[in-house]
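In what follows, a structure is listed as structure tokens, so that the remarks can point back to it.
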Amino acid sequence: MNDTTPTAAERAEKLQGMGCKRKRVEDIRFVQGKGNYVDDLKLPGMLYGDFTRSPHAHARVKKIDTAKAAAVPGVVAVITAETLKTVNLAWMPTLAGDVQMVLADGKVLFQNQEVAFVVAEDRYTAADAADLVEVEYEALPCNVDPLKAMATNAPVIREDVKDKKEGAHGPRKHYNHVFNWQAGYKAKTDAVFAKADVTIKEMIVYPRVHPCPLETCQCVASFDKIKGELTLWGTFQAPHVIRTVGSLISKIPEHKIHVIAPDIGGGFGNKVGAYPGYICAIVASIVTGRPVKWVEDRIENLSTTAFARDFYMETEIAATKDGKVTGLRCYTVADHGAFDACANATKWPAGLFSIISGSYDFPAAHVSVDGVYTNKAPGGVAYRCSFRVTEAAYAIERAMDIMAQKLKMDPAEFRMKNLIRREQFPYTSTFGWVYDSGDYHTALNKAMETVGYKKLREEQKKRQEAFKRGETRELMGIGVAFFTEIVGAGPSRNCDILGIAMFDSAEIRIHPTGSGICRLGTKSQGQGHETTYAQIIATELGLPADNIMVEEGNTDTAPYGLGTYGSRSTPVSGAATAMACRKIKAKAQMIAAYMLEVHDDDLEWDVDRFRVKGNPERFKTMTELAWAAYHEVPPGMEPGLEAINYYDPPNFTYPFGAYICVVDVDVDTGSTKVRRFYALDDCGTRINPMIIEGQIHGGLTEAFGIAMGQEIHYDDDGNVTTASLMDYFLPTAVETPKWEVDFTTTPSPHHPIGAKGVGESPNVGGVPCFSNAVNDAFAFLGSTNIPMPHDNWRTWMAADKLGLHP
Ligand code: CDP
């Protein structure tokens, strides 16, 4: 070794492995407008499809006349349910075990439902002709209120299942009932409540919101009649699931379906399921023999493809006088819209909602969820949340504040008293979840110290006194939220989709020169997978991240996987990547031993090489070993250096975080200014701190949008009144507050690299934190629960109700 020999630390730095703030490699094409999205695809002879949609929320379809539309020059085909019936595709299965109309069959069940599909030479002709499809409707009474769905005289929404006593998830108690799902211990919990010192009960509503990705849902279907093969490009978060479901529905053999998800402009759960647009484009391509493109516009995206939330959660907490929680009860009505098309693992019709006991040590708890049909669009997807975790976190974090208020305790102090303690991990919650690791008190203490919590409360007290004296019209609110996520679906014993176990995969091939390719079953929609998976490989294999190409989204080349949603990429495919690397490394070690003429056990790993123990001058780098794998393997060993891993995680991972927000609310205008937002996240081992920061910023911005202004709203006639970005609040840089981010690191004990997911966390923790801050501003005046969204008008109304306006 001489002075110029790089040290181990210098060699490690060069690799740009885990822990490095590596710049996102995908951004090179994105920032130059060189991304390759579905709508960039142009195929020879390609046609365009567009929908005729229902203006009614609930109506009988008496007649559809397509003659005028079909006569428009340039129109090639007009497809209705009758056309689809000839190929048995008028209805399609949903991911939740229900069926869904592809095109209106006898009735329409929500506004903007797909009625006919017009295929034309260009998009504008298709849109114009779609307006000329003549549909005779007979309007029916509609219901968009889930709390009235099971009333005796409620309109029958689904005539096809009205007499069915059993649904996909057990007995049904009403013709608009989808399922009842329960978890926890009812009798034990009821007994706790019966003798509790203090209880609270509050209806906590998480309104219907929409993931609203920048790029809407879209696809191009191209059926090759000669080969009998279908190629489907689309905005798919789960390409393999689309291929399997597509094969089951269409009866085209799975190996003859090629699903390709190119670059995706945001998914957030909106692009997990299958939509009528996909089926219609496929059928149209089969019928016309030409490729067919379908691209949603913004109104269609907001009003028809998968929504999120819409949970009505009557939440109760029982506690002792001195502030120790003893019980939790929650009865929820979940609005599933007209078809149950929720994207949940099969066993969990209400997702992972039983994470509702959150970060607290509840000795007893019980939840019961009734899913119901209404005249709204279907969906119920994991919008930056792991299957209803956001709803659960919102309910518990609001309820904890309400209980603290009743006990006259500070909300942070009340949380401190009830947080699961470090020594209790691995912690089994009363619902049976085994939380892998956590250090909650350290996190909350750090958050409180950093923001100067005590001083903020003193300032708030002074402001309240000044307000009472009439010296100010501005209130100060401090929001505290502590959340625990459950991400990485999932262990196959718990999670499957349509019977397919929720494992995931990575296949790594190292080329002779030491560069390589990694293909995975997940699919980035902007999360930076091309950057971060390569970092895992860099650290595990000692090859520079820049030499590793990451590829996802092509079902012909990627190993089978269940896709990206619910922060499952790092916990599942991240683990698969590490495990595949370890197989490669084991083979490389044998090659090194052979080349160095020592026993395998006499070698030790040193950043990017195997060296002889006690003789570090004798080594073989991974780059040398890659070359040797193709030229100089030990006798009897197969040449090549590649491995595949299908990873079925032993458990979920449980990231957590402590968030604090400070707002100033003008009671005369309802205007709420976010003065400060501090987010401390713990996602275990951090692969790329810069990408994590970006994920947190993005998720907090979405949380801000949801808490402060978003709602997919319907009037009493079922008209969706927020179907454009004029009416649906999407925060821009102008409105978005500044974020302060921080972290602690508590590795997951069962994940090969100790990493937990992070993408969903800021949405899960951010929403209750904002809401608690606004509620906290009014709490000293006796207000307990101002519902979301906290836009100016609703906040003004809340102030008015409290008699604050002259
Ligand atoms: O499944 P999805 O990609 O949406 O979520 P994720 O697994 O939470 O990862 C989001 C992004 O953050 C990915 O690029 C991850 O590699 C990165 N990440 C990280 O750098 N360190 C972690 N401990 C978790 C995620």
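These figures come from a predicted structure and were not determined experimentally.
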Side chains of [X] and [Y] in contact at under 4.5 Å (non-hydrogen atoms):
{"X": "His790", "Y": "Asn775", "answer": "yes"}
{"X": "Asp681", "Y": "Ile692", "answer": "no"}
{"X": "Tyr331", "Y": "Val369", "answer": "no"}
{"X": "Pro655", "Y": "Val487", "answer": "yes"}

Will you find, in the side chains of [X] and [Y], an N or O donor that is under 3.5 Å from an N or O acceptor?
{"X": "Asp361", "Y": "Gln424", "result": "yes"}
{"X": "Asn651", "Y": "Asp436", "result": "no"}
{"X": "Asp439", "Y": "Thr746", "result": "no"}
{"X": "Arg158", "Y": "Asn176", "result": "no"}
{"X": "Thr653", "Y": "His751", "result": "no"}
{"X": "Thr430", "Y": "Ser357", "result": "no"}
{"X": "Arg421", "Y": "Tyr427", "result": "no"}
{"X": "Asn270", "Y": "Tyr383", "result": "no"}
{"X": "Thr484", "Y": "Ser359", "result": "yes"}
{"X": "Asn143", "Y": "Thr374", "result": "no"}
{"X": "Thr94", "Y": "Asp340", "result": "no"}
{"X": "Ser354", "Y": "Trp433", "result": "yes"}
{"X": "Tyr175", "Y": "Asp163", "result": "no"}
{"X": "Ser567", "Y": "Lys756", "result": "no"}

Return the [atom1] to [atom2] distance between [X] and [Y], rounded to the nearest 0.5 Å.
{"X": "Met313", "Y": "Glu391", "atom1": "CE", "atom2": "CD", "result": "6.5 Å"}
{"X": "Lys801", "Y": "Leu781", "atom1": "NZ", "atom2": "CG", "result": "14.5 Å"}
{"X": "Cys769", "Y": "Asp401", "atom1": "SG", "atom2": "CG", "result": "9.5 Å"}
{"X": "Met448", "Y": "Arg415", "atom1": "CE", "atom2": "CZ", "result": "10.5 Å"}
{"X": "Leu444", "Y": "Leu680", "atom1": "CG", "atom2": "CG", "result": "9.0 Å"}
{"X": "Lys417", "Y": "His441", "atom1": "NZ", "atom2": "NE2", "result": "11.0 Å"}

Let me see the working for Lys347 and Asp496 under salt bridge (Lys or Arg N to Asp or Glu O under 4.0 Å), right down to the final yes or no.
CA-CA 7 Å; Lys347 225 170 100 178; Asp496 72 88; over 6 Å; no

Listed by chain and number, what are the ring pair (Phe, Tyr, Trp, His ring centres under 6.0 Å) partners of Phe677, not counting sequence neighbours?
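Result, ring pair (Phe, Tyr, Trp, His ring centres under 6.0 Å) vs Phe677: Tyr659, Trp739, Phe770.
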
Results of ring pair (Phe, Tyr, Trp, His ring centres under 6.0 Å) for Phe414 - residues two or more places apart only:
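So Phe414 forms no ring pair (Phe, Tyr, Trp, His ring centres under 6.0 Å) with any residue.
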
Shortest non-hydrogen contact between [X] and [Y], atoms and distance:
{"X": "Thr315", "Y": "Ala399", "value": "CG2-CB, 3.9 Å"}
{"X": "Arg457", "Y": "Pro411", "value": "NH2-CG, 3.5 Å"}
{"X": "Gly757", "Y": "Cys683", "value": "O-CB, 3.5 Å"}
{"X": "Ala481", "Y": "Gly765", "value": "CB-O, 3.8 Å"}
{"X": "Ala443", "Y": "Phe482", "value": "CB-CE1, 4.1 Å"}
{"X": "Ile356", "Y": "Ala395", "value": "CD1-CB, 4.0 Å"}

Can you confirm whether Tyr560 is buried at OH, in the sense that more than 12 heavy atoms of other residues, nucleotides or ligands lie under 6.0 Å from that atom?
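Yes, OH of Tyr560 has more than 12 neighbouring heavy atoms, counting only those of other groups under 6.0 Å.
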
Does atom NZ (Lys324) have a neighbourhood of more than 12 heavy atoms from anything else shown, all under 6.0 Å?
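It does: Lys324 NZ has more than 12 such atoms within range.
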
Answer yes or no: is there an ion pair linking [X] with [Y], defined by an N-O contact shorter than 4.0 Å?
{"X": "Asp682", "Y": "Lys446", "value": "no"}
{"X": "Glu760", "Y": "Arg384", "value": "no"}
{"X": "Glu711", "Y": "Arg794", "value": "yes"}

Do we get [X] above [Y]'s six-membered ring, with its NZ or CZ under 6.0 Å from the centre and within 45° of the axis?
{"X": "Arg398", "Y": "Tyr394", "value": "no"}
{"X": "Arg208", "Y": "Phe307", "value": "yes"}
{"X": "Arg329", "Y": "Phe193", "value": "yes"}
{"X": "Arg309", "Y": "Tyr206", "value": "yes"}

Kindly say whether the aromatic ring centers of [X] and [Y] come within a distance under 6.0 Å.
{"X": "Phe503", "Y": "Tyr647", "value": "no"}
{"X": "Tyr714", "Y": "Phe110", "value": "no"}
{"X": "His336", "Y": "Phe179", "value": "yes"}
{"X": "Tyr440", "Y": "Phe425", "value": "yes"}

So, applying side-chain hydrogen bond (donor to acceptor under 3.5 Å, both in side chains) with His366, which one of Glu316, Lys186, Gln182 is it?
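It is Gln182; the other options fail the test.
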
